[in-house]
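This report refers to the structure that appears directly beneath it.
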Amino acid sequence: MVGARDLDASKMAALGSLLAGVIHDIGTPVGAILSNNQVVLRALDKLKDALAAPQPDVAAALKRLEILRSLAEVDRLACSRIGALVRSLKTFARADDVDASDADLNAELAETVRLVQAGFGKRIAIQTEFGEIPLVHCWVRRLHLVFLNLLVNAGQAIEGEGKIVIRTARDGDRVIISISDSGHGISPENQAKLFSTAFTTKPSGVGTGLGLMIVREVVADLHGGALRVESEMGKGTTFHVSLPLRQKSTE
Amino acid sequence: MNKNPTVVVVDDEDMVLTSVRAFLSLETEYEIQTFLEPERAVEFLRNNLAEVIVSDYLMPGMTGIQFLARARELQPEAPRVLLTGHADKQSAIEAINQVGLFHYLEKPWDNEQLLLIVNNAIERASLFRELKEKIAELSTANSSLKAVQARLLKAFL
Ligand SMILES: Nc1ncnc2c1ncn2[C@@H]1O[C@H](COP(=O)(O)OP(=O)(O)O)[C@@H](O)[C@H]1O
Ligand SMILES: [Mg+2]
C-alpha cells in the first residue's frame, strides 16, 4: 500500500518540477497589471488635461479613452489567467477525497493540463483530443495525481521541444485515457520494472520513483481499473488508463 | 523623411503587446507596430522602415535572438532591444554580441525605462540614417568631382 507520505512526496516532486514555469506564467499577467496601473493613472491625468483645457480636445480625450479601454481588457485577461492557474493549483492542495463522486474527467484533465502546460512552457505542446465520455464515479483528487504524474513523466521524457497528446474515449462500461509523448521511450527491460517501488532512471532530486507506483495504486487498486504501456525507443511512449464508469463497492 | 518613427514590438503574449502599445501611444507620437508572430514582423521589416525593434526572447517558432538576427540583416541601422524573463537572462547576455543588441530589458519591465531606451534607440537610428545619407551624398559629390577632374584633365592635357 502507498502511504500518505509517499503520496505527498510524489505530489511535491511532480509539482516542484513545474514550479519555475508556473511562476513565470503568473509573473507575466502580474507584470502586465502592475504596468497597466501606472499607465491608467497617466492616461487619466492626460484625459483630464484634454477635457479641462479652455478648448477641450475631444479627439485627444477619445484617444485616451480608447487606451483606457484596452488596458481594462488586458487586466481582465490577466486576472482570469492568474485565477485559472490558482484554481488548477488548488486541485492539488488536498489529495484525499474520502468519498467517490461523479466527475467529468475531460474537465478534470483540462484543469491538470493547464498547470502542466504552464510548467513546461513553450518547450512542449500539449494537444487534447477529448471524446464524449459519461461522468465517471471516482476519487477525483486521486485521479488528478495520476494525470499529474503521467504528464510530468511525459514532459520529462522529452528533451528539447516535443509534443504530448491526451485522448479520452468511451469503451463500453469504461473510459480510456491515453497520454502519448514524443519522448525518448522506455526500454523493454525497464518497462517490466516501471510500476515497482522506487524505480527511477532520473537523477536524485528529480526522480523519486514513486509516481508510477501511485498511478498503479490509484488506478488498479482503488478504482479497479487497468494500465497499459506502449513504448518505442527514440519515438515515444503512450500510457493507457482504463477506468470503470461505476464503483461497485460504494454504491 | 517626416513620418513619425516606427517602433516594432514582437511578443507572443497579447497582454504584453497591448500594454506596451497603450503605454507608448499615450506617451509618444510613435507609430507602434505589434506582432504576435516573429515571422510576421520579419515580413513587415522587409517592406517598411523601423526605427527600433523590441522583441520577446522565448517565442514558439523562432527565438527573440533568431528574430533579431533576421531584423539585423534587413535593417542593420534599427537598434534591437530584447525583453527577457529573469530565467533567460544568461542566454540573453550571451546573445548580446550575436545580434548586436542595443539593450535588454528584464520582465516585468519598467515603463519609464522602456521609454528611455526606445527614445535613445530612435535617436540613434535617425543619426545612423542621416549619416548614411550624408555618406551617400558625399560619394555622389565625390564621383561628380572625379568627373569634373577627368574633364579638366582632358581639356588641359
Ligand atoms: N513517459 C515516459 N517516457 C519515458 N520514461 C518514462 C515515462 N514515464 C515513466 N518513465 C520511466 O519510469 C521511471 C519511473 O517513473 P516514476 O515512477 O514516475 O518515477 P520518477 O518520475 O520519479 O522517476 C522514470 O524514471 C522513467 O525512467
Ligand atoms: Mg514521475
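Per chain, numbering begins at 1; letters A, B, ... match sequence-line order. Note that the structure is predicted; figures quoted are calculated from it, not measured.
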* Does Arg123(A) make a cation-pi contact with Phe120(A) (under 6.0 Å, within 45 degrees of the axis)? -> yes
* Side chain / backbone / both / neither for Arg64(A) at chain B, heavy atoms under 4.5 Å -> side chain
* Can you say whether the rings of Phe92(A) and His144(A) are parallel (under 30°), tilted (30 to 60°) or perpendicular (over 60°)? -> perpendicular
* To do: Look at atom CZ of Phe199(A) and say whether more than 12 heavy atoms of other residues, nucleotides or ligands are closer to it than 6.0 Å.
  => yes
* Under 4.5 Å heavy-atom distance to chain A, tell me which part of Glu27(B) shows up: side chain, backbone, both or neither. => both
* **Selection from Asn111(B), Val20(B), Val16(B) maximising heavy-atom pairs under 4.5 Å formed with chain A** => Asn111(B)
* Structure fact -> So, the part of Asp14(B) with a heavy atom under 4.5 Å from chain A: the answer is neither
* Structure fact -> Between Asp11(B) and the options Arg40(B), Lys107(B), Arg21(B), the salt bridge (Lys or Arg N to Asp or Glu O under 4.0 Å) test singles out Lys107(B)
